[in-house]
Visitor: 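Once you've had a glance at the structure underneath, I'll fire off some questions.
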Amino acid sequence: MTAASRPAIEATGLRKSFGDKVVLDGIDLNVPQGSIFALLGPNGAGKTTIVNILSTLLGADGGSARVDGHDLVTEPDAVRAAIGVTGQFSAVDNLFTGEENLALMADLHHLGRAERRRRTKDLLDRFDLAEAAGKPASTYSGGMRRRLDLAMTLVGDPRVIFLDEPTTGLDPRSRRGLWRIVRDLVAGGVTIFLTTQYLEEADELADRIAVIDHGRVVAEGSAAELKRQVPGGHIRLQFTHPAGLEAATRVFGQATPDTDALTLRVPGDGSVRTLKALLDRLDRESIEVGELSVHTPDLDDVFLTLTGQSENRKVTAR
């Protein structure tokens with residue numbers, strides 16, 4: 001397998017327990033290079049534990065994993081050289097300025113003086129922090145601190161970045177600003193492994209999403225694929241005359257009519273194939289429709305359906 005074709009992250013059968021509490025119970029993951037992979041799950045599902053294992057901060061009890069082609073157990077230094085981690089809690093030093101925080105990271109990566117200056121200036125400009133570069137980080141807003149935190153992660157030019165709930169506590173404007181930065185990173189070839197509590201964030205960013213519960217991956221796919229797994233999707237037909245509604249109701253036996261609104265709700269998964277089949281049938285029956293809209297479950301529905309029993313259980317590990 002060439003470097004270009006191998007997965008950025010691959011894990012098989014990862015297991016981890018804390019005492020008698022099983023946190024990970026055989027996790028399999030495959031994350032393509034240059035993609036955004038989101039991990040969803042309730043508190044205590046094991047999301048942060050997975051990040052800690054894949055970033056070599058925590059050892060697994062079983063299974064195997066490779067990051068950027070390097071084995072976690074036999075090549076931990078190579079893994080660390082390839083990755084960056086932005087955790088739930090900021091690594092920014094409040095007593096340092098933004099520029100000093102970046103310079104400290106450059107020193108930790110053993111960059112020369114000229115390269116340190118170049119990298120620091122580039123990241124300050126890239127993350128719109130140049131004007132605040134000389135101010136203490138304690139004066140930064142939440143969004144600025146999060147941008148600085150991610151900029152510090154990039155000092156080492158990582159190929160794989162772990163973002164563990166990176167936008168928690170940010171206002172909507174700051175959150176969307178960070179989304180733009182993440183997209184730009186992926187466009188440059190970086191792989192993003194994202195855990196988040198915001199379902200909109202996963203829907204907006206992720207190429208693929210895995211839902212984890214009780215230490216297992218209970219579903220995986222694109223946002224659209226996951227939504228199609230949940231009941232409730234339908235096509236809403238709006239008619240201009242009662243006769244059209246009556247005719248369509250006879251044709252689609254499992255549909256739900258609303259005679260007052262002159263609408264018919266036809267079950268469907270939102271796919272192009274399902275929509276085409278419905279339109280073809282309407283055409284064959286010469287039934288005219290005034291308006292048509294497709295409704296699919298959102299990730300909230302997916303999350304609640306797949307992890308519906310999680311809310312009532314006591315959890316002690318994340």
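Values below: all heavy atoms of this structure, side chains included; hydrogens, waters and symmetry mates excluded.
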Visitor: Would you mind reporting whether Val217 and Asp28 have side-chain heavy atoms less than 4.5 Å apart?
Guide: no

Visitor: Are Arg145 and Asn94 close enough that some pair of their side-chain heavy atoms sits under 4.5 Å apart?
Guide: yes

Visitor: Where do Leu185 and Leu154 land on the side-chain contact (heavy atoms from CB on, under 4.5 Å) test, with the steps shown first?
Guide: CA-CA 10 Å; Leu185 289 172; Leu154 293 179; 3.6 Å; yes

Visitor: Does the side chain of Val92 come within less than 4.5 Å of Tyr140's, by heavy atoms?
Guide: no

Visitor: With a 4.5 Å cut-off on side-chain heavy-atom distances among I, L, V, M, F, W and Y, is there a chain of contacts connecting Leu24 to Val31?
Guide: yes

Visitor: Kindly indicate whether the side chain of Leu72, heavy atoms from C-beta on, has any atom under 4.5 Å from the side chain of Thr56.
Guide: yes

Visitor: Any carboxylate oxygen within less than 4.0 angstrom of a Lys/Arg side-chain nitrogen, looking at Lys121 and Asp125?
Guide: yes

Visitor: Are the side chain of Arg175 and the backbone N or O of Leu170 linked by a donor-acceptor pair below 3.5 Å?
Guide: yes

Visitor: Please name the pair of heavy atoms, one in Leu226 and one in Ala219, separated by the smallest distance, quoted to 0.1 Å.
Guide: CD2-CB, 3.8 Å

Visitor: Do side-chain atoms of Asp301 reach the backbone of Asp298 as a donor and acceptor pair under 3.5 angstrom?
Guide: yes

Visitor: Atom CD1 of Ile50 and atom CG of Leu39: how far apart are they, to the nearest 0.5 Å?
Guide: 4.5 Å

Visitor: Would you check, one step at a time, whether the test side-chain contact (heavy atoms from CB on, under 4.5 Å) holds for Leu279 with Leu292?
Guide: CA-CA 10 Å; Leu279 292 174; Leu292 179 151; 3.8 Å; yes

Visitor: I would like to know whether Ile53 and Ile27 meet side-chain contact (heavy atoms from CB on, under 4.5 Å); could you show each step before the answer?
Guide: CA-CA 12 Å; Ile53 289 174; Ile27 297 292; over 6 Å; no

Visitor: Calculate, to the nearest 0.5 Å, the distance between atoms CG and OG1 belonging to Leu299 and Thr305 respectively.
Guide: 11.0 Å

Visitor: Partners of Arg265 by side-chain contact (heavy atoms from CB on, under 4.5 Å), sequence neighbours excluded?
Guide: His234, Thr256

Visitor: Would you find a donor on one side and an acceptor on the other, under 3.5 Å apart, between the side chain of Arg116 and the backbone of Ala106?
Guide: no

Visitor: With clusters defined by side-chain heavy atoms of hydrophobic residues (ILVMFWY) lying less than 4.5 Å apart, directly or transitively, does Val289 cluster with Leu245?
Guide: yes

Visitor: Within this structure, what is the OG-CD1 distance for the pair Ser293 and Ile235, rounded to the nearest 0.5 Å?
Guide: 9.0 Å

Visitor: What pair of heavy atoms forms the shortest contact from Asn101 to Ala137, and how long is it?
Guide: ND2-CB, 4.0 Å

Visitor: Excluding sequence neighbours, so at least two apart, what forms side-chain contact (heavy atoms from CB on, under 4.5 Å) with Arg118?
Guide: Glu115

Visitor: Nearest 0.5 Å, please: how far is CG in Asp300 from NZ in Lys227?
Guide: 10.0 Å

Visitor: Is there a path from Leu29 to Leu163 through hydrophobic residues (I, L, V, M, F, W, Y) whose side chains come within less than 4.5 Å of each other?
Guide: no

Visitor: Using modelled atom types only, decide if a donor and an acceptor are shared between the side chain of Ser222 and the backbone of Arg208 within a distance under 3.5 Å.
Guide: no

Visitor: Donor-acceptor pair, Thr195 side chain versus Glu165 backbone, under 3.5 Å?
Guide: yes

Visitor: Considering only heavy atoms from C-beta outward, does the side chain of Glu200 approach that of Trp179 to under 4.5 Å?
Guide: yes

Visitor: Quick check: is Ile36 connected to Leu199 through a chain of hydrophobic side chains (ILVMFWY, heavy atoms under 4.5 Å apart)?
Guide: no

Visitor: Which pairs with one or both residues in residues 55-69 pass salt bridge (Lys or Arg N to Asp or Glu O under 4.0 Å), sequence neighbours excluded?
Guide: Arg6-Asp68, Lys16-Asp61, Arg66-Glu75, Asp68-Arg159

Visitor: For residues Lys47 and Leu40, report the shortest heavy-atom separation together with the two atoms involved.
Guide: CD-C, 3.9 Å

Visitor: For Arg281 and Val251, indicate whether the former's side chain and the latter's backbone hold a donor-acceptor pair under 3.5 Å.
Guide: yes

Visitor: If you draw a 6.0 Å radius around NE2 in His241, do more than 12 non-hydrogen atoms from other residues or ligands fall strictly inside?
Guide: no

Visitor: Can we say Arg119 and Asp157 salt-bridge, meaning some charged N sits less than 4.0 Å from an Asp/Glu carboxylate O?
Guide: no

Visitor: Between Lys276 and Asp280, is the closest basic N to carboxylate O distance under 4.0 Å?
Guide: yes

Visitor: Taking atom types as modelled, is there a side-chain donor on Thr48 or Asp164 under 3.5 Å from an acceptor on the other?
Guide: yes

Visitor: With a 4.5 Å heavy-atom cut-off, do Leu148 and Leu102 have their side chains touching?
Guide: yes

Visitor: For Asp149 and Ala91, indicate whether the former's side chain and the latter's backbone hold a donor-acceptor pair under 3.5 Å.
Guide: yes

Visitor: Taking all non-hydrogen atoms of both residues, which atom of Leu54 and which atom of Ala65 are closest, and how far apart?
Guide: CD2-CB, 3.9 Å

Visitor: Would you mind reporting whether Pro242 and Leu262 have side-chain heavy atoms less than 4.5 Å apart?
Guide: yes

Visitor: Determine whether Asp213 and Val211 satisfy the following criterion, side-chain contact (heavy atoms from CB on, under 4.5 Å), listing intermediate values before the conclusion.
Guide: CA-CA 7 Å; Asp213 193 34; Val211 181; 5.6 Å; no

Visitor: In this structure, would Val182 and Phe37 fall into the same cluster of hydrophobic residues linked by side-chain contacts under 4.5 Å?
Guide: no

Visitor: For Glu288 and Phe239, work out which heavy atoms get closest and say how close.
Guide: O-CD2, 3.4 Å

Visitor: Over all heavy atoms of both residues, which pair between Thr167 and Glu201 is shortest? Give the atoms and the distance, please.
Guide: OG1-OE2, 2.5 Å

Visitor: As an exercise, state the distance from CD1 of Ile9 to CD of Gln33, rounded to the nearest 0.5 Å.
Guide: 10.5 Å

Visitor: Does any part of the side chain of Arg15, heavy atoms only, come nearer than 4.5 Å to the side chain of Asp25, both counted from C-beta?
Guide: yes

Visitor: Look up atom CD1 in Ile161 and atom CG in Leu194, then write down how far apart they are to the nearest 0.5 Å.
Guide: 11.5 Å

Visitor: Whether the side chain of Arg146 engages the backbone of Pro166 through a donor-acceptor N/O pair (distance < 3.5 Å, no angle test) should be reported.
Guide: yes

